[in-house]
Amino acid sequence: MSPVQLRGVTLGEGRAKVIVPVTGTTVEELVSQTTTLAGVEFDIIEWRVDFLDVAPSPTAVLEAAARIRAAARERPVLFTFRTHHESGNKPITSEEYRDLNIAVIDSGLVDAIDVEHHFERAVGDAIIAAARNAGVPVVGSLHDFTATPPAEDLVRHLVEMQERGCDVAKAAVMPQNTGDVLQLMEATWTMTSQYPSAPVLTMSMGGLGLITRLSPRVTGSCATFAMVGRPSAPGQIPVEELQPILELIDANLP
């Protein structure tokens with residue numbers, strides 16, 4: 001496996017890392033949220049840009065990015081504009097999605113960028129190429145807020161992300177029953193054991209899927225999400241409740 005370095009944090013090596021989203025709708029709210037995180041124990045900030053009122057204007061978003069970069073200090077920032085297609089907060093055209101992501105990549109103000117695997121293929125490939133040229137890691141992502149695809153389909157999508165050149169392959173899906181949770185865990189273990197060229201980041205959402213957020217290392221997921229304030233997806237729990245559970249599981253794994 002090729003670990004992914006985000007400042008002082010390494011995905012795909014050692015313990016599962018904790019990612020906390022910030023979802024402010026104004027620049028001032030974002031800066032306040034990010035500043036509040038200074039004393040909290042976690043690893044990576046995910047900036048959900050689709051919540052920001054001035055997005056997707058590249059000029060306005062870059063101004064916000066500079067403020068967040070300063071407030072985050074040395075913590076890595078993952079830049080994510082989640083589209084309506086995958087339950088994001090606002091619409092965006094293909095051209096806007098491409099231009100915004102490439103502008104942020106070129107700015108040097110973020111440490112990684114999220115690219116939706118099922119967004120328009122040519123647009124996604126252009127963003128991935130720009131990120132590779134700039135040395136910015138890409139998290140390929142797939143979200144299904146209504147169901148859980150079969151394990152073999154999840155594996156196929158995650159492998160496709162790796163083959164496209166994504167540095168991390170991510171899937172977040174919604175379970176309807178316990179079998180769906182096990183499907184997600186099976187797919188994650190298959191990726192870790194059979195397709196280890198890049199780290200995977202997976203979760204089963206909602207209360208039913210909580211076990212996958214609590215035990216990412218059991219199946220090999222490189223990270224998990226927790227919240228400070230409000231969640232950005234169903235099933236996220238407060239980071240202070242998550243950390244002791246991660247530590248307990250890590251202490252008992254080989």
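None of these values were measured; they are calculated from a predicted model.
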Problem set entry | Pro149 versus Val173, closest heavy-atom pair with distance | CD-CG1, 3.7 Å
Problem set entry | Flag for Glu29-Thr25: side-chain donor and acceptor within less than 3.5 Å | yes
Exercise. So which of Ile105, Thr80, Val139 actually passes side chain to side chain contact (heavy atoms under 4.5 Å, CB included) with Ile113?
Worked result: Ile105
Problem set entry | Test item: Ile128 and Arg164 side chains (from C-beta on) under 4.5 Å apart, heavy atoms | yes
Exercise. Between Phe42 and Arg75, is there a cation-pi geometry (under 6.0 Å to ring centre, at most 45° from the normal)?
Worked result: yes
Exercise. Donor-acceptor pair, Thr212 side chain versus Gly209 backbone, under 3.5 Å?
Worked result: yes
Problem set entry | Electrostatic pair Arg82-Glu116, nearest N-O below 4.0 angstrom | yes
Exercise. Just by distance, do the side chain of Lys90 and the backbone of Ala55 share a donor-acceptor pair under 3.5 Å?
Worked result: yes
For this session: For Leu201 and Met203, work out which heavy atoms get closest and say how close.
Result: CD2-CE, 3.3 Å
Problem set entry | No-hydrogen, no-angle side-chain donor-acceptor test under 3.5 Å, His143 and Lys170 | yes
Exercise. At what distance, to the nearest 0.5 angstrom, does CG of Asp153 lie from CG of Leu158?
Worked result: 11.0 Å
Exercise. So among Leu248, Leu242, Leu246, Thr224, which one has a side chain to side chain contact (heavy atoms under 4.5 Å, CB included) with Leu214?
Worked result: Leu242
For this session: Find the distance between CG (Asp114) and CD (Glu86) and round it off to the nearest 0.5 Å.
Result: 8.5 Å
For this session: Check step by step if salt bridge (charged side-chain N to carboxylate O under 4.0 Å, His left out) holds for Asp111 and Arg7.
Result: CA-CA 7 Å; Asp111 302 288; Arg7 293 184 177 255; 2.8 Å; yes
For this session: Would you sort out whether Val200 and Thr192 count as a side-chain contact (heavy atoms from CB on, under 4.5 Å), showing the intermediate values?
Result: CA-CA 7 Å; Val200 293; Thr192 303; 4.0 Å; yes
For this session: Would you sort out whether Thr23 and Gln33 count as a side-chain contact (heavy atoms from CB on, under 4.5 Å), showing the intermediate values?
Result: CA-CA 8 Å; Thr23 57; Gln33 286 180 343; 4.0 Å; yes
Exercise. Does one side chain, of Gln162 or Ser197, offer a donor that lies under 3.5 Å from an acceptor on the other?
Worked result: yes
Exercise. Between Ser32 (side chain) and Glu28 (backbone), is there a donor-acceptor pair under 3.5 Å?
Worked result: no
Exercise. What is the minimum heavy-atom distance between Ala16 and Pro216, and which atoms define it?
Worked result: CB-CG, 3.4 Å
For this session: For Glu160 and Arg156, run salt bridge (charged side-chain N to carboxylate O under 4.0 Å, His left out): C-alpha distance rounded to whole Å, both residues' side-chain angles, the deciding distance at 0.1 Å, then the answer.
Result: CA-CA 6 Å; Glu160 287 171 353; Arg156 176 170 52 84; 3.8 Å; yes
